[in-house]
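Below, all heavy atoms of this structure are taken into account, side chains as well, without hydrogens, waters or symmetry copies.
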Amino acid sequence: MSSPAVPVPTSEDIVHDVAVIGAGPAGLSAALNLVRAKRTVLLVDANRPRNAATLRSHGFLTRDGISPLELRKLGRTEVEGYPEATVVQSVVDRVAPAPDGAGWTVHGSWRGVELDARARTVVVATGLREEFPALPMLRAFYGTSMHSCVECDAYDKAGQPLAFVCETDDVVDRALLIATWTDDLIVYTNGVAPLDDAGRARLDAAGVRVDERPVADLEGDRAGMTGVRLADGHVEPRTGGFVRPTWHADLDWLQATVGAEAADASDSAHGGAAGDADRDTPDAPPVLRRDPDGLLVVDRVGRTSVPGLYAVGDVTPPGPEQLIVAAGHGAATAAAVHRDLVGGLTDLRDAVQ
């Protein structure tokens, strides 16, 4: 029988202080600050970052313009340098309360090698999955000509003739934000995004054009994007732009408590406020709260509604955030986890000291 390809502790006698699931900036920052607090950390990463197609990331102090993959590599190397850290590549398929009630079990696999570990606490930092409008060539230009993060990439598109492809109801606000970088912006709703007269008036006042015809595809070549082709055959010259994805939190593997799924559905139906009645019921297990978009509801330092379970980064409201913001949130959550593991503290300011 061949040896496992990764050095993963599998004995039930080995319990990590914290299992961090996901190694983007939020997860890496949480892991780094936790090992520096002398906490034993299991950092599990599937190595499937949402921004893999992006050539450069921006706004990260001292690392402006770095490849996001290089940023992850540097962060992972820093975490691996601590003896308290165990870093493994694995696709997690189950995180659940331990049968004996002491912490959590973490299970996953990678190329036939199973991960079977236990931790006192868990930090979920798995991010989100993007779903784009159905344009065949969008992926070919995504990360170079087309982007989704305005704050990250608009500076490099300033003054250019841009397209904004958006099928969601926040089309007006997002278009007005993009328009601060260019005076030549066309919004393409693809005949889907709801746009009323008041919204059209706001865009018109800002000099933003709107085209509500169906979009067939983007056009261009290896040098980059050159235009937007509509279903009627018209091609509008555009050198790049932005697209509004819809984001999904894929958390089927997270089995927080019995009854959590029902609470999640109730939360979604009631604007995220459900579950309070269950928490007032004696002996009722805590339910994992998610907002109407499926994101994990947390306090300001990442505590979920389930003790011992934390979440940070894009998987928490309001959703996608800049890399440096995610890293900051990871540090704050690490401080909260450490304080909670110490226990009995009378001054829980939850500030990174």
Side-chain angles (χ1 to χ4, degrees), residues 50-51 53-60 64-65 68 128 130-135 137-220 223-232 234-247 293 314 317-326:
R50 182 169 61 86
N51 59 7
T54 302
L55 298 180
R56 297 182 178 219
S57 58
H58 295 281
F60 205 108
D64 188 51
L128 300 171
E130 291 176 322
E131 182 179 355
F132 291 100
L135 303 179
M137 290 296 292
L138 177 57
R139 283 288 184 183
F141 297 117
Y142 187 65
T144 53
S145 298
M146 294 290 290
H147 306 271
S148 60
C149 178
V150 179
E151 291 83 356
C152 307
D153 298 295
Y155 181 88
D156 304 292
K157 304 294 183 187
Q160 298 181 25
L162 301 180
F164 176 41
V165 181
C166 181
E167 299 179 348
T168 55
D169 58 9
D170 56 355
V171 57
V172 174
D173 285 351
R174 287 181 176 270
L176 291 175
L177 183 62
I178 297 169
T180 61
W181 279 275
T182 182
D183 58 4
D184 187 359
L185 175 66
I186 301 178
V187 174
Y188 294 95
T189 67
N190 205 18
V192 176
L195 192 58
D196 58 19
D197 290 340
R200 292 187 184 90
R202 291 174 65 197
L203 293 175
D204 183 66
V208 177
R209 289 181 283 166
V210 177
D211 196 321
E212 299 183 69
R213 291 175 291 177
V215 177
D217 205 356
L218 306 180
E219 292 206 342
M225 179 177 153
T226 57
V228 175
R229 176 163 47 86
L230 302 177
D232 61 12
H234 174 75
V235 176
E236 184 70 30
R238 301 282 97 181
T239 60
F242 293 85
V243 60
R244 168 55 158 101
T246 52
W247 293 286
D293 294 320
D314 293 355
E321 54 193 8
Q322 287 182 271
L323 303 184
I324 197 166
V325 176

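No donor-acceptor pair closer than 3.5 Å links the side chain of Arg229 to the backbone N or O of Ala216. Using a distance-only test at 3.5 Å, with no hydrogens or angles considered, no donor-acceptor pair links the side chain of Asp169 to the main chain of Pro194. Side-chain N or O atoms of Ser145 include none that pairs as donor or acceptor with a backbone N or O of Gly240 at under 3.5 Å. Glu321 places no side-chain N or O within 3.5 Å of a backbone atom of Pro317 that could act as its donor or acceptor partner. With Asn190 contributing its side chain and Val215 its backbone, the two residues share a donor-acceptor pair below 3.5 Å. Listed for the Thr180 side chain is a donor-acceptor partner under 3.5 Å among the backbone atoms of Leu177.
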Report the C-alpha distance between Trp181 and Val150 in whole Å, list the side-chain angles of each, state the deciding distance to 0.1 Å, and finish with yes or no for side chain to side chain contact (heavy atoms under 4.5 Å, CB included). CA-CA 10 Å; Trp181 279 275; Val150 179; 3.4 Å; yes
Go through the steps for Met225 and Arg238 under the test side chain to side chain contact (heavy atoms under 4.5 Å, CB included), then give the verdict. CA-CA 7 Å; Met225 179 177 153; Arg238 301 282 97 181; 3.9 Å; yes
For Asp153 and Arg56, what are the C-alpha separation, side-chain angles and deciding distance, and is it a side chain to side chain contact (heavy atoms under 4.5 Å, CB included)? CA-CA 9 Å; Asp153 298 295; Arg56 297 182 178 219; over 6 Å; no
For the pair Val243 and Phe164, evaluate side chain to side chain contact (heavy atoms under 4.5 Å, CB included) and give the outcome as yes or no after the intermediate values. CA-CA 6 Å; Val243 60; Phe164 176 41; over 6 Å; no
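In this structure, the separation between CG on Leu138 and CG on Asp217 is 8.5 Å, given to the nearest 0.5 Å. Here the straight-line distance linking atom CZ of Arg139 with atom CG of Leu218 works out to 12.5 Å at 0.5 Å rounding.
No hydrogens or angles considered: a donor-acceptor pair under 3.5 Å links the side chains of Glu130 and Tyr142. Under 3.5 Å, the side chains of Thr182 and Gln160 contain no donor-acceptor pair of N or O atoms.
When every heavy atom of Ala206 is checked against every heavy atom of Leu176, the shortest pair comes out as CB-CD2, 3.5 Å. Shown here for Leu323 and Ser57, the closest heavy-atom pair between the two residues is CD1-CB, 3.5 Å. His234 and Asp232 make their closest contact through N-OD1, 3.0 Å (heavy atoms, listed as atom of the first residue, atom of the second, distance). When all heavy atoms of Thr246 and Thr168 are compared, the pair lying nearest together is CG2-CG2, 3.9 Å.
Of the charged side-chain nitrogens involved, none lies within less than 4.0 Å of a carboxylate oxygen, so that Arg213 and Glu236 do not count as a salt-bridged pair. A salt bridge links Asp173 with Arg202: the closest approach of a Lys/Arg side-chain nitrogen to an acidic carboxylate oxygen falls below 4.0 angstrom. Comment: Arg209 engages Asp184 in a salt bridge, judged by a side-chain N to carboxylate O separation of less than 4.0 angstrom.
Contact annotation: the side chain of Pro320 approaches that of Leu128 to within less than 4.5 Å [non-hydrogen atoms, C-beta and beyond]. Annotation: side chain of Val187 is in contact with side chain of Val208 (closest heavy-atom distance under 4.5 Å). Using a 4.5 Å heavy-atom cutoff, the side chains of Leu195 and Val171 are in contact. Counting heavy atoms from C-beta on, the side chains of Val235 and Glu219 come closer than 4.5 Å. With contacts defined as side-chain heavy-atom distances shorter than 4.5 Å, the pair Glu167/Pro133 qualifies. Between Asp314 and Trp247 the shortest side-chain heavy-atom distance does not fall below 4.5 Å. Here the side chains of Gln322 and Val325 are in contact, with some heavy-atom distance below 4.5 Å. Counting heavy atoms from C-beta outward, Leu162 and Phe242 have side chains that approach closer than 4.5 Å.
Residue pairs meeting the disulfide (SG to SG under 2.5 Å) criterion with at least one partner in residues 175-210, sequence neighbours excluded, do not occur; the list is empty.
Take Asp183 and apply the side chain to side chain donor-acceptor pair (under 3.5 Å) test, not counting sequence neighbours, and it matches no residue.
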